[in-house]
Amino acid sequence: MFRVLVSDSISEEGLAPLQKSEHIEIVQKHVTEVEDRLHEFDALLVRSATKVTEELLSKMPNLKIVGRAGVGVDNIDVDAATKHGVVVINAPNGNTISTAEHTFAMMASLVRHIPQAHISVKSREWNRSVFVGTELHGKHLGVIGFGRIGSEVAKRARAFGMKVHVYDPFLTKERAEKLGVSVCTLDEVLAVSDIITVHTPLTKETKGLLGEKNLAKTKKGVYLINCARGGIIDEQALVKFLKNGHVAGAALDVFEQEPPGDHPLLSLDNVIVTPHLGASTVEAQLNVATQVAEEVLQFLEGKPVTSSINLPTLSKDIYEKIQSFYNLAKKMGMIASQYMNVPVQEVTVTYAGTVADLETTYITRSLLAGFLKPRVASTVNEVNAAMIAKERGITFGEKFSNETHGYANCISFTVHGEQNTFTIKGTHIPNYGDRIVHLNGFAIDFAPEGYLLYIEHQDRPGMIGKVGNVLGEHQVNIATMQVGRQQAGGKAIMMLSLDKPLDDALLETLSKIEDIETVKKLEV
Ligand SMILES: NC(=O)C1=CN([C@@H]2O[C@H](COP(=O)(O)OP(=O)(O)OC[C@H]3O[C@@H](n4cnc5c(N)ncnc54)[C@H](O)[C@@H]3O)[C@@H](O)[C@H]2O)C=CC1
Ligand SMILES: O=C(O)CCC(=O)C(=O)O
């Protein structure tokens with residue numbers, strides 16, 4: 001049974017995929033109302049009100065996933081979530097249309113003074129001459145940030161007969177041409193536009209993007225719209241430019257602080273505002289809630305998620321193809337880690353054969369997670385494995401090779417310690433399973449499962465019998481046994497799978513047998 005905490009107000013109907021599952025219990029309470037139960041939850045669903053901080057994450061040791069029913073994740077400390085091994089997902093496109101339409105509603109309201117005229121008529125006035133507006137048709141619209149929402153706004157603007165100028169450093173010329181917009185520099189957009197609308201995320205680069213310096217580069221009489229994030233237009237600078245008449249008006253759905261309190265912007269007649277309503281439509285809320293609910297369910301059921309902020313995106317299709325290698329890699333990582341229980345500086349994974357054509361980033365993360373698991377106390381999984389490896393000074397790299405050792409696919413994992421190096425090679429055989437086919441230079445063939453006993457010894461007659469006797473005397477049953485050697489009479493290895501775990505005293509006894517050099521228990 002998984003417990004899902006829904007901390008903000010999220011469309012009830014959208015939660016249906018979770019509600020229908022027998023394995024999910026949903027608790028709809030704000031995090032502050034369940035302080036004493038936070039440790040119980042496996043998933044957390046939020047909009048923008050709940051702040052997912054490091055402190056909150058530390059109180060939720062069972063948490064596996066945070067779902068943001070919306071786009072912006074600025075209320076979530078994504079780095080802290082990654083550190084805690086918690087996946088963060090969002091609903092990237094469920095509210096695009098609503099926010100684009102809201103932006104357009106704000107644009108029309110702004111240039112036709114609709115909110116001001118509305119208040120006037122409601123105050124029993126009939127003052128037609130003060131509310132003379134301007135047409136949108138033929139005007140130059142500057143769109144800063146041409147992602148999902150920016151491009152939908154541009155489509156609508158073109159339908160209104162506007163000329164659209166776009167600034168987005170990550171936009172390709174082909175995409176811009178396809179959408180019939182001209183790609184400009186920021187300065188060009190600032191200089192040419194009658195109306196400027198911002199649709200970027202709030203980042204170090206975009207914070208204060210429209211501040212004093214850039215506002216001074218705009219046309220006198222420009223209108224500004226922000227339905228993205230408070231702070232992209234610097235509020236202090238905006239007040240100054242509205243007061244001196246350079247900016248004719250502004251439409252704001254978002255603020256640096258929400259709610260903005262008694263902000264000077266609110267007392268200016270040429271500013272129209274809404275309380276962060278871009279995504280507040282029945283349709284958008286249903287879309288985003290359904291999207292995150294479905295993704296959270298998928299994730300809790302062990303399936304891949306497609307809209308993760310801190311994991312590479314993986315489609316169901318690709319996941320099905322890599323799943324076997326993903327499991328094999330984790331087991332190889334665990335074996336290597338237990339064998340090399342010494343400080344490690346570098347690990348390398350090499351892919352050969354069919355596996356080399358797949359999305360190996362995920363397989364590598366799985367391998368790293370398996371490798372780090374026995375050595376770190378905190379949760380380690382695909383989300384934080386790379387980060388933890390880096391923190392511990394372990395460099396890792398991927399290589400590709402043609403050496404499959406006769407198998408259709410082969411994964412090699414090499415671990416470099418201060419004194420020695422260990423290499424393990426594995427393959428996945430469809431309808432047969434995972435096999436380890438090379439261990440530290442020895443050809444071998446065993447399934448990486450259960451309680452394993454690994455022995456390095458000199459190749460002498462009677463070694464198998466000696467080991468079998470000791471185990472038998474201690475009531476340890478051998479399920480399977482594989483041996484390998486480089487040459488007769490040289491160094492040899494044994495890999496036994498046992499029905500129960502070995503205790504340290506028994507390992508000690510085994511290690512004292514003459515000609516045995518190394519004894520390791522490996523649990524997978
Ligand atoms: N008011 C509301 O209720 C809502 C607000 N939003 C906000 O709207 C904004 C846009 O959302 P989407 O279009 O879905 O995001 P998106 O990720 O599809 O698009 C953002 C675009 O901004 C561009 N960009 C990034 N840095 C830039 C920079 N320095 N200068 C210019 N462009 C830059 C990116 O290349 C990308 O094309 C986000 O801040 C999001 O949080 C989203 C939904 C609802
Ligand atoms: O949850 C909301 O209504 C806010 C939507 C929003 O700002 C976003 O999706 O980025």
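Residues take their numbers from the sequence shown, with the count starting at 1. Every heavy atom of this structure was used, including side-chain atoms; hydrogens, water molecules and symmetry mates were not. Order of listing sets the numbers, starting from 1, for every ligand and every atom in it.
With salt bridges taken as basic N to acidic carboxylate O contacts below 4.0 Å, one links K59 and E35. For E152 and R148, the salt-bridge test fails: no basic side-chain N is under 4.0 Å from an acidic carboxylate O.
Distances below 4.0 Å separate heavy atoms of H199 from the following atoms of ligand 1: 10 (C), 20 (C), 21 (C), 22 (O). Contact atoms of ligand 2 toward A279: 3 (O), 5 (C) (distance under 4.0 Å to a heavy atom of the residue). Under a 4.0 Å criterion applied to the non-hydrogen atoms of P201, ligand 1 contributes the atoms 20 (C), 22 (O), 25 (C), 39 (O). Taking a cut-off of under 4.0 Å to the non-hydrogen atoms of Y167, the atoms of ligand 1 that pass are 30 (N), 31 (C). Applying the 4.0 Å criterion to heavy atoms of H276 picks out, from ligand 1, the atoms 1 (N), 2 (C), 3 (O). Atoms of ligand 1 lying under 4.0 Å from at least one heavy atom of N95, given by number and element, are 43 (C), 44 (C). Atoms of ligand 1 found under 4.0 Å from any heavy atom of D253 (numbered from 1 in listed order, with element): 1 (N), 2 (C), 3 (O). Near C227, with a cut-off below 4.0 Å to any heavy atom, the atoms of ligand 1 are 1 (N), 2 (C), 4 (C), 5 (C). Here is the list of ligand 2 atoms found below 4.0 Å of a heavy atom in G70: 9 (O). Residue contact check: G72 has heavy atoms under 4.0 Å from atoms 41 (O) of ligand 1.
The shortest contact between atom 6 (C) of ligand 2 and any protein heavy atom is with R68 NH2, 3.3 Å. Looking at atom 31 (C) of ligand 1, its nearest protein heavy atom turns out to be P169 CD, 3.2 Å. For atom 19 (O) of ligand 1, the nearest protein heavy atom (residue, atom name, distance) is G147 CA, 3.2 Å. Scanning the protein for heavy atoms near atom 16 (P) of ligand 1, the closest one is R148 NH2, 3.6 Å. Looking only at heavy atoms of the protein, atom 4 (C) of ligand 1 is closest to T99 CG2, 3.7 Å.
Between the side chains of T274 and H102, a donor-acceptor pair is found at a separation under 3.5 Å. For N310 and T82, the side-chain atoms include at least one donor-acceptor pair closer than 3.5 Å. Checked by atom type, the side-chain pair S307/Q291 shows no donor-acceptor distance below 3.5 Å. Side chains of T32 and H30: a donor-acceptor N/O pair is present below 3.5 angstrom, by distance only. T50 and D8 form a side-chain donor-acceptor contact under 3.5 Å, judged by distance and modelled atom types alone. Between the side chains of T203 and T206, at least one donor-acceptor pair of N or O atoms lies under 3.5 Å. Counted by atom type alone, H246 and T218 present one or more donor-acceptor pairs between their side chains at under 3.5 Å.
Taking 4.5 Å as the limit, every side-chain heavy atom of D234 sits out of range of all side-chain heavy atoms of N214.
Only the side chain of T206 comes within 4.0 Å of ligand 1, counting heavy atoms alone; its backbone N, CA, C and O stay farther away. The residue V254 has no part lying near ligand 2, judged by heavy-atom distances below 4.0 Å. At a 4.0 Å heavy-atom cut-off, ligand 1 touches I149 through backbone and side chain alike.
Between L277 and ligand 1, no N or O atom pair is found at a separation short of 3.5 Å. Between D168 and ligand 1, a contact under 3.5 Å exists for at least one N or O pair. Below 3.5 Å of separation, one finds no N or O of I144 facing any N or O of ligand 1. Remark: ligand 2 and G72 share an N or O pair separated by less than 3.5 Å (distance only, no angle test). Considering backbone and side-chain N/O atoms, A279 comes within less than 3.5 Å of an N/O atom of ligand 1. Checked against a 3.5 angstrom limit, the closest N/O atoms of R229 and ligand 2 fall inside it. Considering backbone and side-chain atoms alike, V71 places an N or O below 3.5 Å from some N or O of ligand 2.
Across all their heavy atoms, A369 and K330 have their closest contact at CB-CE, 4.3 Å. Residue C184 comes nearest to V189 through the heavy atom pair CB-CG2, 3.7 Å, listed as atom of the first residue, atom of the second, then distance. Scanning both residues, S308 and V305, for their nearest heavy atoms gives CB-CG2, 4.0 Å.
Residues F396 and F371 keep their aromatic ring centres 6.0 Å or farther apart.
In this comparison of H276, Q285, R47, the heavy atom closest to atom 4 (C) of ligand 2 sits on H276.
Other residues, nucleotides and ligands place more than 12 heavy atoms under 6.0 Å from the NZ atom of K139.
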